[in-house]
2 protein chains.
Amino acid sequence: MAGFKGQAEYSVDSKGRVAIPAKMRNDLNPAAKNTFTITRGFEQCIFLYPMDRWGEMEDEFRELNMFNQGARAFVRTILRWADEVSLDGQGRISIPKRLVEFAGLDGKALIIGSLDHIEIWDPDVFDDYLNEQSSDYESLAESVMGVL
Amino acid sequence: MAGFKGQAEYSVDSKGRVAIPAKMRNDLNPAAKNTFTITRGFEQCIFLYPMDRWGEMEDEFRELNMFNQGARAFVRTILRWADEVSLDGQGRISIPKRLVEFAGLDGKALIIGSLDHIEIWDPDVFDDYLNEQSSDYESLAESVMGVL
DNA sequence: GGAGTGGTGGGGAAAAGTGGGGAACTACCC
DNA sequence: GGGTAGTTCCCCACTTTTCCCCACCACTCC
C-alpha cells in the first residue's frame, strides 16, 4: 500500500468538516472502510490514522504494562483525544470540536500526507512551527539519516 | 474487538446515574451483555470493565500467589470496591455511592475510553491530575514508545 | 464546450443525552 | 403484623446534537 504524501490547503466549514484530498483517499486500503481514527498529534497538529493501521497501533498499546504510571498517562492522552470518523458522501470528515480547538483551526486546514497517517495543521500554526526549527533541512537530514 | 477510546463530559444526575457514550456502547462485545464490573481505578478515578474482559482479569488474579502479602492486599482492594452494574434502557449505569465519593464526582463526569476499560473521572480531579504530570506529551511518548 | 471530478455549504431526519414520574421491593418502626 | 418511608429500577417524554443527503460552484480533461 502506497503511503500518504503531498499537501493541500482546504477550508474547515462551520460544522468542523474538512475534505480529505482525493489523492489520499485513493491511497486508502479498502480494509480501512473509509474510516479513520483521529487524535491529537505531536506538536500542535491532528493525526488521522486509517482504521487498518490504527488497529496495529492499538495492539502496540495493549502490549504496554498498564501497571506503569508513565504508560498509563501516555495511553490516556492519546486515547482520550481519539475519535472514530468516517468519510461522508463528499469525501469529508468532521473534526471533533475539542481537536479543532487544540489545533487552533480557524477556517483553513493544511492537510499533509505522512506515510501511514495524515496530519492536519492550522496554516498559521504550521508557519510558526517551521520558523521555530533551529536547524535547516540539510543538517536535520544528516542527523536523522546520517547514522544509517 | 476495537478498544474503547474518546472522551466525553456527561452529567451525573441526583440518582447517581451517568450515560455511557453511544460510541463506547457500540464497541461493547455482545458477550458482555451490557454489564460491567465497576471498581476503584488507579489515580483518583473509577474503572469500568465489560463483563467479558473482567472474567479474564479474574483469571489473572487467581494466578497470583495468595501466600504473598502484597498480592492479597492488592486483590482485596480491587475486589472490595467492585460491583456489578448494567446499562438501563437509556444507556446509563448507576454508580454506587461509595465510588461516587471516592472519585469526588459532583454533578459532572468525564468518561474516557482506554482500550479494555472505561475510566470515569471528576473533571476537576482530572485537571489536577494533568497539572501534576511532570513531562509533556511528546517527551512522555518518546520515553514510553521510543524504545520499541 | 460539455461532461465529469473535486471541493463547499446548508437543511432535515434520526439518534443520543437529560430529567422526571411511578411501580415494586425492602427495611424499619410502630 | 401492618404501615410507612426510603430506595431501586424501569419507563416515558423532551431537548439537543449529530449525521446523512441534496444542491451548488469551480476546475480540469476530453
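Lettering of chains follows the sequences in order, A, B, ..., and the numbering in each one begins at 1. Excluded from the calculations below are hydrogen atoms, water molecules and symmetry mates; all remaining heavy atoms, backbone and side chain alike, are included.
- Atom CG in A:D13 sits roughly 13 Å away from atom C1' in C:dG11 (whole-Å rounding).
- Using a 30° and 60° split on the angle between ring planes, B:F61 and B:W54 fall in the perpendicular class, above 60°.
- Distance CG (A:D83) to C1' (D:dT17): 14 Å, rounded to an integer number of Å.
- Rounded to whole angstrom, the span from the CG atom of A:N26 across to the C1' atom of C:dG7 amounts to 15 Å.
- Ring geometry, A:F42 versus B:Y137: the interplanar angle falls from 30° to 60°, so the pair is classed tilted.
- Note: CD (B:E9) to C1' (C:dG17) measures 14 Å, nearest angstrom.
- Residue A:S86 places none of its side-chain N or O atoms closer than 4.0 Å to OP1 or OP2 of D:dC19.
- Salt-bridge annotation for A:E56 and A:R53: present, with a side-chain N of the basic residue lying under 4.0 Å from a carboxylate O of the acidic one.
- Residue A:K23 is out of contact with every strand shown, counting any heavy-atom pair closer than 4.0 Å.
- By the 6.0 Å contact criterion, CD on A:Q69 is open, its count of non-hydrogen atoms from other residues, nucleotides or ligands being 12 or less.
- Nearest to the side chain of A:A22, among C:dG7, C:dA16, C:dG10, sits C:dG7.
- Classified by interplanar angle (parallel below 30°, tilted 30° to 60°, perpendicular above 60°), the ring pair B:W81/B:F102 is tilted.
- In this structure, the CD1 atom of A:I20 is 14 Å from the C1' atom of C:dT8, given to the nearest Å.
- Side-chain contact annotation: A:R76 with B:Y129, donor-acceptor N/O pair under 3.5 Å present.
- With salt bridges taken as basic N to acidic carboxylate O contacts below 4.0 Å, none links A:E84 and B:K23.
- When the options B:N34, B:L48, B:L28 are evaluated for a side-chain contact (heavy atoms from CB on, under 4.5 Å) with B:I20, the one that passes is B:L48.
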query: How would nucleotides 9-16 of chain D be written as a contact map, 5' to 3', with B for base contact, S for sugar-phosphate-only contact and - for no contact, using protein heavy atoms under 4.0 Å?
result: BBBB----
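- Ion pairing between a basic and an acidic side chain is recognised when a charged N comes within 4.0 Å of a carboxylate O; B:R62 and B:E58 show such pairing.
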task: Determine, for nucleotides 25-30 of chain D in 5'-to-3' order, which nucleotides have protein heavy atoms under 4.0 Å from the base (write B), from only the sugar-phosphate (write S), or from neither (write -).
output: ------
